[in-house]
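Here's the structure we're looking at; comments come further down.
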Amino acid sequence: MIYDPFEAFRAEVHNFIRNSLESLYPEVSSKVVISLEDPPPGHGDLAFRCFEVARHLGVSPEEVSKAISSRAKEFTFRYVSKVVSESGYVNFYMNLDEVVSLMCSTLNDLGEKFGFNPAPHTHTVLVEFLSANPIHPIHIGGARNAILGDSLSRLLTWRGHKVLRHFYVDDVGRQVAIAAFGFNLLGRPSPWTKPDHAIGYIYALTSSLIEVCRLKESLKRAKALGKDDYYRAKVSKLDEWMRVIIELKERNPSLFEVFIDKFEKVKDPEAEIRALMKRYEAKDPEAVDLIRGMCNLVLSGFKQTLDRAGIYFDSFDWESEITVWSGLVIDVIRKLEATPYVTYSDGALVFMANRLVRDFDLADELKIPKNYEVPSLTLIRSDGTTLYTTRDIAYTLWKFKRADKVINVIGVEQKITQLQLKLALIALGYKSLAENLVHFGYELVNMPGYKMSSRRGRYITFDELMEEAVKKAKAEVDTRSPHLPIEVRRSIAEKVGIGAIKYAFLSVSSLKPVTFRWSKVLNFERNSAPFIQYAHARAFNILTKAGVRSIPHEINPSLLRTDAERDLLVRLIRFPRIIAEAADKLRPDLVAEYANDIAISFNSFYDKVPVIRSESEDLRNARLWLVNVTRIVLRNSLNILGIAAPQRM
RNA sequence: GGCCCCGUAGCUCAGUCAGGAAGAGCGCCGGCCUCCUAAGCCGGUGGUCGUGGGUUCGAAUCCCACCGGGGCCGCCA
């Protein structure tokens, strides 16, 4: 069974080069890594660069490329039709008849699943993503995470891996306790709006008021001590938080009044929050009822959002249950204590990550910069409670009971923590697990002139994002396709709007900080999901009009003579290759770029070449075949990106 | 202070891992709907690849220094 027709061509080229180097330059052939690249348009389908070989030999690259290409005459190729030496490169042209014949057999085997390209060794991969704090709505940063995680998961599935999508519900931390404290103070009201938005408001309000209390306390002390600079700094901070509180008041004045009233009667909110955290870790039923009740409300809001976005999870893993109540985290701590890398410092238990790095000389392997000292990690606070990363060590072990590889989709700001996590695994003797733990980092999303902050209740939610995009898409559909029934137009707008958002996040490298701009997300032209979706709808339309039954299983590629046809065909052949590369490198953006290229190629073809009214029946069939493959490739690419492929627009 | 990421066309970004042929989209200018959906197509415009050194026959890509933007260095997550 052949999954990747292009690979046959590539392998033949690779083989030829290896063979040529061995017979022409036996002294250097072992030193050279043969890497093949895509030549610029008009220079064939694969290129070999001769500069490295030439350097070893002390001759010109042209001499090498000529020597290699002249050997082609003695070689019997199946998938290569032409070998040309050009300015130090050997360019290889595909034998379309043979490669397309392979492609036909792949298509006949896989049908609509064309592109599926299993890795030589497949694994069970657990992808943890989103894991948004269950105390506020998913905002645009979370949207980026969710969209990336979803697409990565889909991509790995297309590479034959078994993928488990996990959401880690961080219900043990301090933030949850703050929100729960506020929620309880209000008498655990039933949400007056979407539940995650309601709790988000309560959380912002509670945490802002607590911040203000803290600042007032430190102001008093600063005044008593006469520290003027410090005092002024605190005053300006206090001012800022007071503005936040005024903002929050304006958003819901009546609830605000009720809350303030109750909050002021609490003597020491800080102590209550700490107590709540301790009670929850101890699984006190009352605390469990409160916190679980609130988290479940927020999660029900998350599920609504994710449902609309077409993003799903196989499992929601409660941190409390898996790590604390099960005793797993205590277990892990005991085992760590038995290593030489843990010590007590001011009553807290600390993991000396850097000593481990030094003892085992791990810096190179883990790509830790020279002379960089990995910070120590506090495992247990002096009050006996555990910290997030400590629990995460336990959670990671839990994950590896279920998977061979673990990918964490987490912001790059947690890079050090993720490194400490890996080091903790090594300290525990699980080096092989550490090697299979991947931090898929992504940069944060910024707003121009707006500082986003969950604690301040300042964020753009995923819900708003979808609402806006769908609204804009609806207006477009209404003007372009007024004849369609309203339900159809709505459904198209939903697919187009949400697709546009996803594409906007997926088409840039995850390590690029994104400055959020509506104009980018609401771009429906080239280099956008709607552009690709449109090409798909056009392809679908041709097939519908032609009558789907008439698509042939085999074609003669020599019928496809124009540049537009050949260009499209040659790109389509590469689809399985792109999936393999994107999956192995964890680069969904490669699929986004590829799909956009196919759409460009297809639109050009669409404009220049008639399909239904081709000159002959054979030609018509060949073109229908091409259109059908385009449709499959576009739809599957969009599927990998988590974007719907509408049949009309 | 130490470390990490980013800096490529007016704007948003590919290309940097493995040095060798600067590339999209938006914008701007001009053309194309008696013909399968114009969310389209065709042509044009536009770049000291942050700056300065170094290595090399050859640097956007590797090394060093610096500049600008962001992040991290918590008994937060």
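Keep in mind it's a predicted model, so treat the numbers as computed, not measured.
- Across every non-hydrogen atom of A:Leu511 and A:Gly441, the tightest pair is CD2-O, 3.9 Å.
- Counting atom types as modelled, A:Ser604 pairs no side-chain N or O with a base atom of B:rC41 as donor and acceptor under 3.5 Å.
- B:rA24 and B:rG15 have their C1' atoms separated by 11 Å, with the value rounded to a whole Å.
- The distance from the OG1 atom of A:Thr417 to the CG atom of A:Leu377 is 7.5 Å, given to the nearest 0.5 Å.
- B:rC62 sits 10 Å from B:rU16 when the C1' atoms are compared, rounded to a whole Å.
- No contact: A:Glu373 has no heavy atom under 4.0 Å from any strand.
- A gap of 38 Å separates the C1' atoms of B:rA9 and B:rG1, to the nearest Å.
- Defined by atom type and a distance below 3.5 Å, a donor-acceptor pair is missing between the side-chain atoms of A:Ser208 and A:Glu211.
- B:rC6 and B:rA22 have their P atoms separated by 23 Å, given to the nearest Å.
- Using C1' as the reference atom, B:rG23 and B:rU61 are 15 Å apart when rounded to the nearest Å.
- Under the Watson-Crick or G-U wobble criterion, with both distances below 3.5 Å, B:rU56 is left unpaired in every strand shown.
- The one candidate from A:Asp171, A:Val176, A:Val169 that meets the side-chain contact (heavy atoms from CB on, under 4.5 Å) condition with A:Glu319 is A:Asp171.
- Donor-acceptor pairing under 3.5 Å is recorded for the side chains of A:Asp383 and A:Thr385.
- Atom CD of A:Gln420 and atom C1' of B:rC75 are 13 Å apart (whole Å).
- Look at B:rG1: its Watson-Crick or wobble partner, with both distances under 3.5 angstrom, is B:rC73.
- With rounding to whole Å, A:Asn527 atom CG is found 8 Å from B:rC13 atom C1'.
- In this structure, A:Lys512 reaches the B:rG7 phosphate: one of its side-chain N or O atoms is under 4.0 Å from OP1 or OP2.
- The nearest heavy atom of RNA chain B to A:Ala47 and to A:Arg587 marks one nucleotide each, and the one closer to the 5' end goes with A:Arg587.
- The side chain of A:Arg49 contributes an N or O atom lying less than 4.0 Å from OP1 or OP2 of B:rG20.
- Using a 4.0 Å heavy-atom cutoff across all strands shown, A:Thr417 reaches at least one base atom of the nucleic acid.
- For A:Asn91 and A:Glu86, the side-chain atoms include at least one donor-acceptor pair closer than 3.5 Å.
- As judged by a 4.0 angstrom heavy-atom cut-off over every strand, A:Val514 is placed among residues making no nucleic acid contact.
- Side-chain proximity of A:Ser509 to the nucleotides B:rC75, B:rC36, B:rA14 is greatest for B:rA14.
- Within the 4.0 angstrom heavy-atom criterion, no nucleotide atom of any strand lies near A:Ser481.
- Distance noted for atom P between B:rG44 and B:rC57: 38 Å (whole Å).
- Protein atom CD1 of A:Ile368 is 15 Å distant from nucleotide atom C1' of B:rG2, rounded to whole Å.
- Both tests pass for A:Arg538 against the ring of A:Tyr606: distance under 6.0 Å to the centre and angle within 45° of the axis.
- Within the 4.0 angstrom heavy-atom criterion, no nucleotide atom of any strand lies near A:Asp589.
- B:rC33: glycosidic angle within 90° of 0, hence syn.
- Residue contacts for A:Val627: at a heavy-atom cut-off of 4.0 Å it reaches no nucleic acid atom on any strand shown.
- To the nearest angstrom, P of B:rC5 lies 5 Å from NZ of A:Lys415.
- With centroids closer than 5.5 Å and planes inclined by less than 30 degrees as the test, A:Tyr606 and the base of B:rG40 fail to qualify as a stacked pair.
- The same atom, P, is picked in B:rG74 and in B:rA18; the two are 32 Å apart, to the nearest Å.
- Rounded to an integer number of Å, the gap from CD of A:Glu593 to C1' of B:rU12 is 14 Å.
- Rounded to an integer number of Å, the gap from OH of A:Tyr534 to C1' of B:rG40 is 5 Å.
- Taking the side chain of A:Leu387 as heavy atoms from C-beta on, and the options B:rC36, B:rC3, B:rC76, the nearest nucleotide is B:rC76.
- Regarding contacts with the backbone of B:rC3, every side-chain N or O of A:Tyr372 stays at 4.0 angstrom or more from both OP1 and OP2.
- The residue A:Arg623 sits apart from the nucleic acid: no heavy atom pair falls under 4.0 Å.
- Nucleotide B:rG40 forms a Watson-Crick or G-U wobble pair with B:rC32, both donor-acceptor distances falling under 3.5 Å.
- Residue A:Ala535 is out of contact with every strand shown, counting any heavy-atom pair closer than 4.0 Å.
- Counting any heavy atom pair closer than 4.0 Å across all strands shown, A:Val611 reaches a base atom.
- A:Ile416 comes within 4.0 angstrom of sugar-phosphate atoms only, judged by non-hydrogen atoms across all strands, and of no base.
- Within the 4.0 angstrom heavy-atom criterion, base atoms lie near A:Asn91.
- Residue A:Glu443 has its side chain nearest to B:rC5 when only B:rC13, B:rC36, B:rC5 are considered.
- At the heavy-atom level, A:Val477 lies under 4.0 Å from base atoms of the strands shown.
- Here B:rC32 presents its C1' atom at 8 Å from CG of A:Asp607, a figure rounded to the nearest Å.
- Nearest-nucleotide mapping onto RNA chain B: of A:Arg480 and A:Arg55, the residue sitting toward the 5' end is A:Arg480.
- Relative to the side chain of A:Ile612, the nucleotides B:rC36, B:rC41, B:rG70 differ in distance, and B:rC36 lies closest.
- Here the options are A:Arg489, A:Lys472, A:Lys471, the test is salt bridge (Lys or Arg N to Asp or Glu O under 4.0 Å), and the partner is A:Asp478; only A:Arg489 passes.
- Here B:rG25 sits opposite B:rC11 as a Watson-Crick or G-U wobble pair (both hydrogen-bonding atom distances under 3.5 Å).
- In this structure, A:Arg456 forms a cation-pi arrangement with A:Trp241, its terminal cationic atom sitting closer than 6.0 Å to the ring centre and no more than 45° off the ring axis.
- Listed nucleotides: B:rG20, B:rG70, B:rC75. Nearest to the side chain of A:Arg381: B:rC75.
- The distance from atom CE of A:Met649 to atom C1' of B:rG40 is 11 Å, rounded to the nearest whole Å.
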Any chance you could lay out the salt bridge (Lys or Arg N to Asp or Glu O under 4.0 Å) test for A:Glu270 and A:Arg174, step after step, and finish with the verdict?
CA-CA 11 Å; A:Glu270 201 67 59; A:Arg174 185 181 148 81; 3.0 Å; yes

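- Base contact: A:Phe524 has a heavy atom under 4.0 Å from a base atom.
- Listed nucleotides: B:rG40, B:rC75, B:rC17. Nearest to the side chain of A:Arg538: B:rG40.
- Across the C1' atoms, B:rA39 and B:rU56 are found 49 Å apart, a figure rounded to whole Å.
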